[in-house]
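Down below is the structure, laid out as C-alpha cells.
Every chain is numbered from 1, with letters handed out A, B, ... down the list of sequences. All values below were derived from every heavy atom in this structure, side-chain atoms included, with hydrogens, water molecules and symmetry-related copies excluded.
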2 protein chains.
Amino acid sequence: MDTSLKGTLHKRGLRMTPQRQLVLDAVRDLGHATPEQVCTRVQATAPAVNITTVYRTLDLLEELGVVRHAHLGHGAPTYSEHQHRHVHLVCHRCGRVDEAPTELLSGVAERTQADLGFRLDATHVALSGTCADCAAEHDAGTPDHEHDENDAAARAVEGDR
Amino acid sequence: MDTSLKGTLHKRGLRMTPQRQLVLDAVRDLGHATPEQVCTRVQATAPAVNITTVYRTLDLLEELGVVRHAHLGHGAPTYSEHQHRHVHLVCHRCGRVDEAPTELLSGVAERTQADLGFRLDATHVALSGTCADCAAEHDAGTPDHEHDENDAAARAVEGDR
DNA sequence: ATAACTGCAAAAGTTTTGCAATCGG
DNA sequence: CCGATTGCAAAACTTTTGCAGTTAT
C-alpha cells in the first residue's frame with residue numbers, strides 16, 4: 001500500500017500541496033512543536049503560508065494519522081509524527097522536553113488496566129517534573145524561576161500535610 | 001500554625017473576602033474544575049462575581065499553595081485542592097477523569113530519576129487513555145465519538161507501520 | 001483611613017470560520 | 001474544467017490588564 005503523504009491524501013480524494021508537505025516536514029524536523037512553531041518553520045521556506053493553513057493542515061494530518069498531538073503542560077498542544085512514539089517528560093522549570101521509551105509506562109498500563117479497566121495511551125502523555133539540570137541548579141541553591149508551573153508553591157506547602 | 005484560608009492570607013498581608021472563600025469552596029466541591037466551571041459554580045451563589053476575579057483568585061490560591069492546577073488534556077487547566085494529590089487518568093473518548101494514588105507512578109519516578117535525573121511530579125500529570133466504559137463500548141463495536149482527541153485517527157493508522 | 005480587592009471594559013493572544021481567488025489532478 | 005485548498009479578514013474564545021470605585025482591617 002502507498003504510505004506516502006500524497007498517496008494517503010489521494011485515497012481520500014484530497015490533494016497534495018506544497019503547504020502540506022512543508023507542514024509535515026516541519027513537524028518531523030522539530031520533533032515537538034506548537035502550531036505557532038510549525039508555522040514559523042514553514043515560513044522560513046515559504047513566507048506566504050498563512051497560520052490558518054498550518055492549523056488546518058495539522059488537523060488534517062492528525063485525522064490521517066500522520067501526526068498526533070500531545071499536551072505538554074502549559075497552553076499550546078505540540079505536534080509530532082505519529083510514528084514517533086515515546087513518553088514526554090516535561091520540565092516545568094525550564095520547559096525542556098525529554099523523551100523516554102513507552103516501555104517506561106508498561107507496568108503502569110498493566111495496573112490501570114487491572115485496577116480500573118483503564119487503557120493507557122502512553123504516547124499522548126506528558127509527565128511533568130524537574131529535569132536533571134534544573135534539579136542540580138535547585139539543589140545548588142539557585143532559586144531562579146522562569147516558568148508558569150506551580151512547583152514553587154507546591155514545594156512550599158509540601159510540609160503542610 | 002494557622003491553616004485557615006484567612007490565616008494564610010493574613011500572613012502575607014492579604015485580605016479575606018467572600019469571593020475568595022467561594023472560589024476555594026467551588027474548587028473543593030468540584031474536584032477538578034476549569035476556571036470557567038469554578039466561575040459558574042461561584043455565580044450560582046453570588047451572581048455578581050466576575051470571571052476576572054476567579055482567574056485572579058485561582059492564581060493567588062495557587063501561589064499560596066492552597067490549590068494546584070493540572071493540564072488534563074485539551075485546553076483549559078483544571079484546579080483542585082493542593083492536598084488532593086493523585087494521578088489523573090483522563091479518558092480521551094468521553095473526557096471522564098479517574099484518579100489513582102500517586103504510588104502508581106513511584107516505580108516510574110525511580111526510573112526517570114535513575115536514567116535521566118528527572119524528578120517526576122506525579123500530581124501534575126494527566127495520563128491519557130480509554131476508560132473502562134468506553135473500552136467496553138468500543139469492544140462491543142459501538143464506534144461513537146464525542147471528543148477531540150486523536151484516538152480514532154491513531155488507531156486507524158496503527159497498521160500502517 | 002488606606003491599601004487591598006473587585007468589577008467592568010478593553011486589550012491581547014489563540015484558534016476558528018466565511019469567502020473569493022487559486023491551483024492540483 | 002471542477003472542486004479542493006489557500007490566504008485574508010473577521011469572528012469567537014480565553015486569559016490578562018488598566019482603572020476607578022468599594023471594602024476589609
Side-chain angles (χ1 to χ4, degrees), chain A residues 2 4-24 26 33-40 42-43 45-64 66-67 69-79 147-150, chain B residues 2 4-24 26 33-40 42-43 45-64 66-67 69-79 147-150:
Chain A
D2 192 345
S4 72
L5 176 55
K6 186 166 182 178
T8 309
L9 287 166
H10 284 188
K11 266 183 276 180
R12 297 242 203 150
L14 304 175
R15 295 173 183 170
M16 182 52 154
T17 67
Q19 288 90 334
R20 287 174 178 174
Q21 186 63 57
L22 287 168
V23 168
L24 178 53
T34 63
E36 186 103 43
Q37 293 170 324
V38 170
C39 187
T40 301
V42 167
Q43 290 179 339
T45 304
V49 175
N50 195 280
I51 192 164
T52 301
T53 301
V54 173
Y55 276 108
R56 286 193 284 225
T57 303
L58 287 172
D59 279 355
L60 175 64
L61 292 178
E62 185 156 38
E63 220 176 286
L64 296 175
V66 176
V67 306
H69 78 269
H71 300 280
L72 262 41
H74 41 298
T78 62
Y79 288 79
H147 290 280
D148 69 285
E149 303 299 310
N150 62 345
Chain B
D2 191 344
S4 72
L5 176 55
K6 186 167 182 176
T8 308
L9 288 165
H10 283 188
K11 266 182 275 179
R12 296 242 203 147
L14 304 175
R15 294 172 184 172
M16 182 52 155
T17 67
Q19 289 90 334
R20 287 173 177 174
Q21 186 63 58
L22 287 168
V23 168
L24 178 53
T34 63
E36 185 103 44
Q37 292 170 324
V38 170
C39 188
T40 301
V42 167
Q43 290 179 338
T45 304
V49 174
N50 194 280
I51 193 165
T52 301
T53 301
V54 173
Y55 277 108
R56 286 191 284 226
T57 304
L58 287 172
D59 279 355
L60 175 64
L61 293 178
E62 185 155 38
E63 220 177 287
L64 296 174
V66 176
V67 305
H69 78 269
H71 301 280
L72 262 43
H74 42 298
T78 63
Y79 289 79
H147 289 282
D148 70 285
E149 303 298 310
N150 62 346

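Side chains of V23(B) and T53(B) form no contact here, defined as non-hydrogen atoms less than 4.5 Å apart. Two residues are said to be in side-chain contact when any heavy atoms from C-beta on lie closer than 4.5 Å; L9(A) and T17(A) fail this criterion.
Applying the 4.0 Å criterion to OP1 and OP2 of dG7(C), one finds that T53(B) has a side-chain N or O inside that range. Contact annotation: Q19(A) does not reach the phosphate of dC23(C) (side-chain N/O to OP1 or OP2, under 4.0 Å). Between N50(B) and dT6(C), a side-chain N or O to OP1/OP2 separation shorter than 4.0 Å is absent.
Interatomic distance, CG of L58(A) versus OG1 of T78(A), reported as 10.5 Å (0.5 Å rounding). Interatomic distance, CZ of R56(A) versus CD of Q19(A), reported as 10.5 Å (0.5 Å rounding). For the atom pair L60(B) CG and R20(B) CZ, the distance stands at 5.0 Å (nearest 0.5 Å).
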### Message
Checking L61(B) against L5(B) for the side chain to side chain contact (heavy atoms under 4.5 Å, CB included) test, could you report, in this order, the C-alpha distance in whole Å, the side-chain angles of both residues, the deciding distance, and whether it holds?
### Response
CA-CA 9 Å; L61(B) 293 178; L5(B) 176 55; 3.8 Å; yes
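Each of I51(B) and G13(B) has a nearest nucleotide on DNA chain C; the 5'-most of these lies closest to G13(B). Both V49(A) and P77(B) lie close to DNA chain D; mapped to their nearest nucleotides by heavy-atom distance, the more 5′-ward contact belongs to V49(A).
Across the protein-nucleic acid pair, L60(B) atom CG and dT17(D) atom C1' stand 17 Å apart, rounded to whole Å. Distance CD (Q37(B)) to P (dT14(D)): 11 Å, rounded to an integer number of Å. In this entry the distance linking CD of E63(B) with C1' of dA4(C) reads 14 Å, nearest Å. The OH-P distance, from Y55(B) to dA11(C), rounds to 19 Å in whole Å. The distance between atom CG of L5(A) and atom C1' of dT5(D), rounded to the nearest whole Å, is 14 Å. dT6(D) atom P lies 12 Å from atom CG of L58(A), rounded to whole Å. Between the CD atom of E36(B) and the C1' atom of dT15(D) there is a distance of 11 Å, given to the nearest Å. R20(A) has its CZ atom 19 Å from the P atom of dT22(C), to the nearest Å.
If you check every strand for non-hydrogen atoms under 4.0 Å, R56(B) touches a base.
Candidate nucleotides dT16(C), dT14(D), dT15(D) were compared by shortest atom distance to the side chain of T52(A), and dT16(C) ranks first.
A side-chain donor-acceptor contact under 3.5 Å links E62(A) to the backbone of H69(A).
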When you compare the protein's N or O atoms with those of nucleotides 20-25 of chain D, which come within less than 3.5 Å of each other, and at what distance?
unit_1  : atom_1 : unit_2 : atom_2 : d
dA24(D) : O3'    : M16(B) : O      : 3.3
dA24(D) : N3     : R15(B) : NH1    : 3.2
dT25(D) : OP1    : H10(B) : NE2    : 3.0
dT25(D) : OP1    : M16(B) : N      : 3.3

